[in-house]
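For the numbers below, each heavy atom of this structure counts, side chains included, while hydrogens, waters and symmetry mates do not.
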Amino acid sequence: MAKKLTLSTINRGWPHQIALLKALSEGSLADEQALYCNRLLRCNVIPSVTSNGQIFNIHCFATRAGASAFMSKFGGEWFDPARRGRGE
């Protein structure tokens, strides 16, 4: 049985994080992102946050280069895990 990842484990192992509107990470876009991220060391658990009434999926990467490549292709913005839960 696989061990469940906690947010602190994700933040330590995949500290380079991109916030992307949830609507831009659903359906066929989610499939495209999953395929693209096979080589980018993205965590397979995608946490989300709410900010200003909008939901963002947080795509977490082990390397800054992987996160940058994802952001270049799909958009989003850098997310600081320390902001999680602050409603900013």
Table please: side-chain donor-acceptor pairs of residues 38-46 below 3.5 Å, with sequence neighbours left out.
{"from": "Arg42", "atom 1": "NH1", "to": "His59", "atom 2": "ND1", "distance (Å)": "3.0"}

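The nearest pair of heavy atoms linking Ala19 to Ile58 is CB-CD1, 3.7 Å. Among all heavy-atom pairs drawn from Gln33 and Leu24, the shortest one is NE2-O, 2.8 Å. The shortest non-hydrogen separation linking His16 to Ala62 is CD2-O, 3.3 Å. Considering every non-hydrogen atom in both Ala30 and Ser25, the closest pair reads CB-O, 3.2 Å. Annotation for Gly76 and Ile18: closest pair CA-CG2, 4.0 Å, computed over non-hydrogen atoms.
At distances below 3.5 Å, not a single donor-acceptor pair connects side-chain atoms of Asn52 with backbone N or O atoms of Gln54. Within the 3.5 Å criterion, the main-chain N or O of Arg64 finds a donor-acceptor partner in the side chain of Ser68.
Rounded to the nearest 0.5 angstrom, Arg12 CZ and Leu5 CG are separated by 10.0 Å. Taking CG from Asp31 and CG from Leu35, the interatomic distance works out to 9.0 Å, rounded to the nearest 0.5 Å.
When the ring pair (Phe, Tyr, Trp, His ring centres under 6.0 Å) test is applied to Phe74, the partners found at least two apart in sequence or on another chain are Tyr36, Phe70.
Residues Thr50 and Phe56 are not in side-chain contact: their nearest non-hydrogen atoms beyond the backbone lie 4.5 Å or more apart. Taking the side chain as every heavy atom from C-beta outward, Leu20 and Met71 never approach each other to under 4.5 Å.
By the rule that hydrophobic residues join a cluster once side-chain heavy atoms approach within less than 4.5 Å of another member, Phe79 and Ile55 end up as members of separate clusters.
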